[in-house]
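One structure is given below, encoded as C-alpha cells.
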Amino acid sequence: MSDKQHGVYPADEFDNPSQGPVGLHRGPRSLASRALPYVIVLLVAAALAFGVFAWLSHANAGSSSEASQSASTSVSSATSSKSSKSASTKTATKSATKAATTASQTPTATETATPTSTPSTTTPTPTATVNKSTSVTVYNGTRRSGLAASSATTLRNAGYASVSARNPSNRNTLPSTSTVWYSSSEDEATARDIASQLGIAQVTRVDGLGTGVAVVLMQ
C-alpha cells in the first residue's frame, strides 16, 4: 500500500505485523514439550500393567485358598473316617468280649439239668405254748381301789381260769413300772400273752416267785 493510500485510511494491526514466523511456519518446540506425550503413554501403559498384575495375583490367591480349603476338608474327612472306623472296631471288640464272658458265665444244659441237693440240718424250734390254766396273781401296787380286780376280770374274759387279785404285802420290793413276772421258761409265753392283754411292756423272769405268773400294777 502506498503512502498516499495509507494517509487516506487509518493504520491497523496488519500495517505493523509481528516479527517471526506466523501460522504454519512456527519456531522449533522445546525438548520437554516434545517428550511429554511419550511420558504420558508410558505412565498409562504402566498403570494398565499394574492393574493386570494385581488382578492376576488376586485370582491366583483365590485359587490357592480354595485349593487349601479343599485339601483341609479332605484331610478332615479322612481323619473322621479313620476315627469312626477305630470306634467301630473298639465297639465290635467290646461286644465280642462281653458275649464271650456271658457265654462263659452261662451254665451249660448239663449243669442246669443236674440239681445239687444239700441235706437240711435245720433243727425245728419248739413252739411256745400259752397255758391259760396256769396260776395268775394280780397285785395292785397303787392306791386306786379295785384296779387289781378289774385287771383280773380282763384276764378271765381272755380265757384264763385261775386268776386272783390282791394287795402286795411289802411295797418296798415292787418295781417302778407295771411288770409281769414269771418263774420258769415254760411260763414265758403265758406271761407275754398276759402282758399283751393288759397293755404292759415289761416282762421279767423272777426265781422263787411261788406262782406261775404275777402281775404287778404300778399305774
At their closest point, which heavy atom of Val130 faces which heavy atom of Ala189, and how far apart are they?
CG2-O, 3.8 Å

Please tabulate, one pair per line, all N/O donor-acceptor pairs under 3.5 Å involving side-chain atoms of residues 37-53, not counting sequence neighbours.
none

Qualifying residue, where the test is side chain to side chain contact (heavy atoms under 4.5 Å, CB included) with Val216 and the options are Thr177, Val180, Thr137, Leu174
Leu174

Do Asp187 and Ser184 have a side chain donor and acceptor closer than 3.5 Å?
yes

Please round to the nearest 0.5 Å and tell me the distance separating atom CG of Asn140 and atom OG of Ser145.
7.5 Å

Do you know the tightest heavy-atom contact between Leu155 and Gln197?
CD2-CB, 4.0 Å

Ile200 vs Leu217 side-chain heavy atoms within contact, under 4.5 Å:
yes

Verify the neighbour count for atom CZ of Arg144: are there more than 12 heavy atoms of other residues, nucleotides or ligands below 6.0 Å?
no

Donor-acceptor pairs are to be reported for all side-chain atoms of residues 201-212 against protein atoms at under 3.5 Å, with residues two or more places apart or in another chain.
{"residue": "Gln202", "atom": "NE2", "partner": "Thr204", "partner atom": "OG1", "Å": "3.3"}
{"residue": "Thr211", "atom": "OG1", "partner": "Ser135", "partner atom": "O", "Å": "3.4"}
{"residue": "Thr211", "atom": "OG1", "partner": "Ser135", "partner atom": "OG", "Å": "3.2"}

Would you kindly confirm whether Leu198 and Met218 end up in one hydrophobic cluster when ILVMFWY residues are joined by side chain heavy atoms under 4.5 Å apart?
no

Are any non-hydrogen side-chain atoms of Asn131 and Glu186 less than 4.5 angstrom apart?
no

For residues 162-171, tabulate all N or O donor-acceptor pairs below 3.5 Å that involve a side-chain atom, not counting sequence neighbours.
{"residue": "Asn170", "atom": "OD1", "partner": "Asn172", "partner atom": "N", "Å": "3.1"}
{"residue": "Arg171", "atom": "NH1", "partner": "Gly141", "partner atom": "O", "Å": "3.1"}

Exam field: side chain Lys132 to backbone Ala158, donor-acceptor pair closer than 3.5 Å:
yes

Please determine whether side-chain contact (heavy atoms from CB on, under 4.5 Å) holds for the pair Val215 and Val136, giving the CA-CA distance in whole Å, both sets of side-chain angles, and the decisive distance to 0.1 Å.
CA-CA 7 Å; Val215 180; Val136 181; 4.3 Å; yes

Taking the side chain from Thr179 and the backbone from Pro175, do they hold a donor-acceptor pair closer than 3.5 Å?
no

OG1/Thr142 to CD/Gln219 distance, rounded to the nearest 0.5 angstrom?
9.0 Å

Consider only side-chain N and O atoms of Tyr160 and Asp193, and report whether a donor and an acceptor are under 3.5 Å apart.
yes

Gap separating the CZ atom of Arg156 from the OG atom of Ser151, nearest 0.5 angstrom
10.5 Å

